[in-house]
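This one's a predicted model, so the numbers in the text were calculated from it and none came from an experiment. Counting starts at 1 for both ligands and their atoms, following the listed order.
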Amino acid sequence: MAGDKKKKILLVAMAYYLFLVVSAASSSLKVGKEEEADRIIELPGQPKVSFQQYSGYITVDKEFGRALFYWLTEAVHQPESKPLTIWFNGGPGCSSVAFGASEEIGPFNIKENGTGLNLNKFSWNTVANLLFLESPVGVGFSYTNTTDDLESGDERTAKEALEFIHRWLDRFPRYKQRDIYLTGESYAGHFVPQLAKEIMTYNSNTKFPINLKGIMVGNAAMDYYYDNIGTIDYWWSHAMISDETRTKMLNKCDFSQQYNFSKECESIGNIANNEMGNINYYNIYVPKCDKSYRIGATRRNLLSLHQPFSIFRRLSGYDPCREQYAEIYYNRPDVQQALHANTTKIPYNWTPCSKGRLSWVEEAFSILPIYKEMIAGGLKIWVFSGDADSVVPVTATKYSLAQLNLTTKMPWYPWYVDNQVAGWTQVYEGLTFATVRGAGHEVPIVKPKQALELFKSFLSGTPLPKL
Ligand SMILES: *[C@@H]1O[C@H](CO)[C@@H](O)[C@H](O)[C@H]1NC(C)=O
Ligand SMILES: *[C@@H]1O[C@H](CO)[C@@H](O)[C@H](O)[C@H]1NC(C)=O
Ligand SMILES: *[C@@H]1O[C@H](CO)[C@@H](O)[C@H](O)[C@H]1NC(C)=O
Ligand SMILES: *[C@@H]1O[C@H](CO)[C@@H](O)[C@H](O)[C@H]1NC(C)=O
């Protein structure tokens, strides 16, 4: 009897203890539960990998039902000791899932015809945790529940991206103390510095700062005036247009007014376009894709999304065949299910760029003032350029950067990968500039090893390797 009673007490005590353990465990799990719901088990046609992946939606505006889609591919080794790198593509309106993740720096490339995935051994997730954000709303899987709420601009994009980071870190609290880097290319030359500025402003007023350490942008839009002059000089110096056309363009086009071209300027722009011919503007030394798949919507217009006179800014993404494989792959229902994407049944197909869906109502003329603020704020800043791009060419970037009047720390020198010149670099006080020789608008596509080397040097804050 006594024994039974003891047993009973013991059982009650054990049950209570178990209750405590279970409830403690479940409350500590509660933090991770949301992120667990975002875990990707496996993507269709995916090779076996050792790293973890998560994807899903973060609401950035409850009232209007605006949500951004992200895809996190964690670092291959010791992700807990690696920084978080957020990647943005440009456009505006192009998807980081389509470009950054699937053909540039992500762990997978898409197989021909979207039948599966290949491993990218030069993926940047060999050294960092990578988060691809489809920004703004209206791009890729990111949506709004309020029809007609697809008006966007630089400012709204930056504010919603900041909101995304707050909400995402709430969902992934283990990343809260982690070093964060913002990276991207092309029109992300606006998104990245503008978000960095939002973060710096937020940090100046809080006890819980976002641990932003630096930014890196490639073939980045910086300054409307100097980018355009630099673009014309690139076309001319690379024998894409005639001397006469260059001179006329410089005389007839007034780039001090954004997207406001005289008739004369428009007609000389058309002549320039004809002189260049039907080449791959995004890398003038590689062929264009000549396959054409048609998936639902009409094929994306190569020319830009919103500019009245498109020749001066073709920022709407790259047009190799890979992009079409992405379009097939990400429209597969099994892929969308594995990615936790399109849960609200978005009424149009997933496309690499959002074409005419977004209306871009506000755009900064120059990002250079933000560079000054970022330098003053002590951020690590790297700017790189694939030197075969004619869309945001190396001369555009150089003319723009020159306006910052930076002091040189290490003069221009060639940097090397495998005993070959990978490009050239100059280190300034507060900013490192580097070119990648032979790379186009999307640098890692044809120079994946060099691009990874660049990213490693950026992370470690060391100048690019000399011979
Ligand atoms: C891809 O699709 C095209 C057109 O349907 C076909 O000709 C080609 O053989 C396919 N390639 C592969 C690798 O399946
Ligand atoms: C465009 O340029 C013309 C001529 O310089 C000027 O009269 C007009 O006000 C400008 N329009 C806008 C919207 O800036
Ligand atoms: C979302 O799903 C619907 C129906 O399931 C499909 O018709 C649509 O193309 C998809 N949209 C996107 C953006 O994935
Ligand atoms: C850079 O220097 C030039 C000439 O030294 C000067 O005119 C210009 O205002 C400076 N620009 C900035 C942004 O400080």
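One finds no salt bridge joining E35 and R171 here, because no Lys/Arg side-chain nitrogen approaches an Asp/Glu carboxylate oxygen to under 4.0 Å.
Residues W235 and T245 form no side-chain contact, since every pair of their non-hydrogen atoms from C-beta on lies 4.5 Å or further apart. Side-chain contact between N331 and Q336 is present, with heavy atoms from C-beta onward closer than 4.5 Å.
For atom 4 (C) of ligand 2, the nearest protein heavy atom (residue, atom name, distance) is Q257 NE2, 4.5 Å. Annotation: atom 14 (O) of ligand 3 to nearest protein heavy atom, Q336 NE2, 2.8 Å. Closest to atom 5 (O) of ligand 3 among all protein heavy atoms lies K345 CD, 3.9 Å. With respect to atom 13 (C) of ligand 3, the closest heavy atom belonging to the protein is Y348 O, 3.2 Å. The protein atom (non-hydrogen) at minimum distance from atom 9 (O) of ligand 2 is N260 ND2, 4.7 Å.
The residue from N342, N349, L339 that puts a heavy atom closest to atom 3 (C) of ligand 3 is N342.
In this pair, F141 and W350 present their aromatic rings tilted. The plane angle is within the 30 to 60° band. Using the six-membered ring where Trp is involved, F164 and W168 have ring planes that are parallel, under 30° apart on the 30 and 60° scheme. Relative ring orientation between H238 and Y285 is described as tilted, the plane-to-plane angle lying within the 30° to 60° band.
Protein heavy atoms come within 4.0 Å of atom 11 (N) of ligand 2. Counting protein heavy atoms under 4.0 angstrom from atom 7 (O) of ligand 2 gives zero.
Here's the thing with N331: none of its N/O atoms is less than 3.5 angstrom from an N/O atom of ligand 3.
Both tests pass for R178 against the ring of Y175: distance under 6.0 Å to the centre and angle within 45° of the axis.
With a 4.0 Å cut-off on non-hydrogen atoms, Y330 does not touch ligand 3 at all.
For ligand 3 and F141, the ligand atoms under 4.0 Å from any heavy atom of the residue are 14 (O).
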(Q) Before you tell me yes or no, could you show the steps for Q53 and T73 under side chain to side chain donor-acceptor pair (under 3.5 Å), namely the whole-Å CA-CA distance, both residues' side-chain angles and the distance that decides it to 0.1 Å? (A) CA-CA 5 Å; Q53 308 183 66; T73 62; over 6 Å; no

